[in-house]
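What follows is a single structure, written as structure tokens, with notes after it.
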Amino acid sequence: MKRAHLVAAACLVVLLLYPVVNPWQPYPQGVLLLGFLLAVQATSWNIISGYAGYVSLGHSMFLGVGSYTVGILAVAWGVNPLWVAPLGGVTATVIALLIGTVVLRTRGHAFVIITIAMLLAAQIIAVNFRSLTHGSDGITLELPFWHRDFQNIPFYYAFLLLLVLTVLFSAWIRRTKFGTGLVAIREDEGKAATIGVDTTRFKVTAYAASAFFIGMAGGVYAYYLTFINPVGSFAILGSVTIVLAALAGGRGTLYGPVLGAFIVNLISEAATVYAGGVQSRVLLFGGALVLVVLFLPKGILPTVEAWWRRRNPAPVEYIEQPAALAVRERAPVPESGEGALPEPGEALLSVRGVTRRFGGLTAVDEVSLDVRQGTITGLIGPNGSGKTTLFNLVTGGLPADSGEIWFDGRRVDGLRPWRRCHLGLGRSYQVTRLFKEMTVRENVVAPLADSRWRTMWSDAVRGHEAERARELLGLVGLGRFAEQRAGALSYGQQKLVELAQVLMLEPKLILLDEPAGGVNPSMLDRITEVIRELNANGVTFLVVEHNIPLVLDLCDQVAVLAGGRVIAEGPPLSVRQDPAVLDAYLGHDWTPAVR
Amino acid sequence: MAHLVQAIALGLLIGGVYALMASGLTLIFGVMQIINVAQGAFLVLVAMVTWWLWNRTGIDPIVASLVTTPMMFGLGWLTFRLLISRIRGSSPSMSVLLTFGLALVIEGVLNLTAGNKFKSATPAYFEESFRVASISFPKAQVFGFVAAVGVLGVLYYVLNRTWTGRAIRAATQNPAGAALVGVSAAGTAALAFAIGSATAGVGGSILSVLYPFFPASHYEWISRLLGIVVLGGLGSLPGAVAGAVILGLAETLTATYGSLGWSTLVFYLVIMAVLLVRPQGLFGARLREDAA
């Protein structure tokens, strides 16, 4: 990464000097200038579509919005367009906020669709709102105020400045918790929500942030062209070049979109000169987009980086067991400082008559269940008995059809997943759901403790968090893997990283979905030890597990779910001998082992 | 009052045609969670071919769909085999970009071969209307509507009453399970993609009569169709029909009481209003596997 910054700085110096060294070459300057403009757009696009993974196909709309805002205001107020260019950015941001608030509340595909529609809607407005936009006639702006001898050099530096600002902005976002949250959303949005990421707010903010510099650049661009009209300002081909540039360079990387922008711009220029202009450009860009998606889906920079890493692999010591078993430091004590916990024995989590249906199937049927403060409560039951669905209802991944869920004295069944996380509810998954493209350390520090804006804009890894992450990784014996990509770890290791991730926020209640699944016996001992230590420090557990000896050994209380209903509840021993349980869970032909 | 009834009648007729056009999109999404952004380009391509056939041979544009439908079935199948199947398993946004690229390629090819001018097929009945009391039903719209409803009926029959349809629906709901009972997921997906594309064969032929078009028209069409399926709920066929009728009514009512230029915008406002209340669209549903 350091090397990349150096290269970028060197390129910047060259670009800064170029007009000074070679002032009488308007054509290459013009090509570079348009390259800067495209790079500003691609870098901005990358914030929502690269970091957060929500592809926008209508991003050139913001360029047009900025152009029109500045064009209209400059003419109406009689001021130089450059002075009002930032207002172009403001308008673009506000419009992105409005669209995002409506469309980004759900997961999935509505967003990409609406972005295409909004680009065309913007064109419709520009054509038909004649009193404001002069319709298809367009708006003519004043000519640049500087002497002709300066040519477009002031514009060259204006766009270069915008590019530098945009890249710095993008780099800064990536370094904050906001940036980590966006990547988490891209990797696994549902999981991101349960570790405290307010996904709606993050996505909407990212969309708004991705609009600002494009809007501002649009204002400068309008002045550069001195003329704006609906077709030129809201061209879909503009969006295509943005997407193509960012994709070819490397979506989700800092410099990829910039690199891609220069390449796409050069190709576009070559097409105009050698291949007959706009007509062939559609075909060219379309073909290029197809080829990039098929053969270079990760983009140039990540591909080169991967190649470099294969050539120069970083040494990793694969010694899982000794490391894990050697670590005998004390488990970190959760500082349960804020908000006194309920007295031991009081219900921390209380599920009251909760039902959830999927079509005709009632997965969870009128379940009532208390998890008392300070206990390790087991939840067992045959496959398909509704255990994981119950977890999803408790953490907020699914809404319940009826019933109430209370946690720590508050009713939580109407709250979004991240709010429940902030209240002290943590969970692990049956099949691990780490953010595979992030490093192990990034995974562990990804959870967010609250929904304050200040937290969102703070450094991704603050000092005490790095310290705690190190402790936790030590606790699960994976300290050596902190810088590895999480996806490269074995399944059992991922399970442990997920446990460390849950512990990061010091939750009051941890829901563990099959902690023993896929973990070898010695590692399992380690896990149960960690659970006991944490429990001794006041953390309550609700554990789904098929390993019955483990459950009987670990848990103070056991509830048995079958067919979506609680059929038995009580201390392990009494549950073990409950005929209803034996019948439902172990089958009719089960005979008790003689002890 | 007569204006209102006229506008509603026209809106319903157009809505039927829109429903047919959107059905392919929603079918493909339902089976493989792929948004075929090239569907608009498919429509324009068919319209262009239909226009060419009509211009050369005088064959009726709507009858020409007997030729264009198999053509689109083949093109859809090839598209799936050559392009889409290569990126199955990567993130869904890649398929959006891929089909978007394909749409641009089709536009570019049409630009170079057919030229960048507005075209419209104008058969003899183009300007004629059926009249019931004071309400007029333009013949082109009526024929388009009848053809659209017919094709939708066949589509519904195939999906719900035939083995192929059951296989497609099985693969929609549970690809792994479908594979276990002998349904080839890849084969079914290719078939669904081909059928979805084939609906553009009829849709595009109707389009060539009802609307002037040129190569870049596909942006306008795809955003309309995508609007319909978002409004109705992605992947839901009844949703697509409802969305299409709402679009048809929004357009004719705005054109009657406002101006034609704003009609598409009004539809987008309706979509935004609906998404504000129901983020998953009118008929969209949440499934167990959608959960966090």
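So you know, we letter chains A, B, ... as the sequences are listed, proteins then strands, and number each from 1. Worth knowing before you read on, the calculation uses all heavy atoms, side chains too, and leaves out hydrogens, waters and symmetry mates.
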Would you mind checking which part of B/Leu269 comes under 4.5 Å of any heavy atom in chain A, side chain (CB onward), backbone (N, CA, C, O), both or neither? neither
Region of B/Leu275 that comes under 4.5 Å of a non-hydrogen atom in chain A: both
Part of A/Arg186 lying under 4.5 Å from any heavy atom of chain B: neither
Given that the side chain runs from C-beta out, which part of B/Leu98 has a heavy atom under 4.5 Å from chain A: side chain, backbone, both or neither? both
Closer than 3.5 angstrom, by distance alone: can the side chain of B/Arg86 be matched with the main-chain N or O of A/Phe295 as a donor-acceptor pair? no
I need the minimum non-hydrogen distance between A/Ala110 and B/Leu234, along with the two atoms involved. N-CD1, 4.3 Å
Quick one: are B/Leu97 and A/Leu57 in side-chain contact, heavy atoms under 4.5 Å? yes
Rounded distance [0.5 Å steps], OG in A/Ser239 versus OH in B/Tyr219: 9.5 Å
Heavy atom to heavy atom, less than 4.5 Å: which residues from residues 112-121 of chain A reach chain B? A/Val112, A/Ile113, A/Ile114, A/Ile116, A/Ala117, A/Met118, A/Leu120, A/Ala121
Is there side-chain contact between A/Ile236 and B/Phe100, with heavy atoms separated by less than 4.5 Å? yes
Any heavy-atom pair between the side chains of B/Val105 and A/Leu283 that's under 4.5 Å? yes
Give a yes or no on this: more than 12 heavy atoms of other residues, nucleotides or ligands lie within 6.0 Å of atom CH2 of B/Trp262. yes
Proximity breakdown for B/Ile87 and chain A, heavy-atom pairs closer than 4.5 Å: side chain
The test is side-chain contact (heavy atoms from CB on, under 4.5 Å); show your working for B/Met272 and A/Ile99 and say whether it passes. CA-CA 8 Å; B/Met272 290 304 225; A/Ile99 297 175; 4.0 Å; yes
Roughly how far apart are A/Gln123 CD and B/Ser223 OG, rounded to 0.5 Å? 10.0 Å
Neighbours of chain A found in residues 40-49 of chain B - heavy atoms under 4.5 Å: none
Is B/Val109 in contact with chain A via its backbone, its side chain, both, or neither, using a 4.5 Å heavy-atom distance? both
Per-residue contact mode, A/Phe129 against chain B (heavy atom under 4.5 angstrom): both
Between B/Gly108, B/Ala273, B/Ala103, B/Gly101, who has the most heavy-atom pairs with chain A when the cutoff is under 4.5 Å? B/Gly101
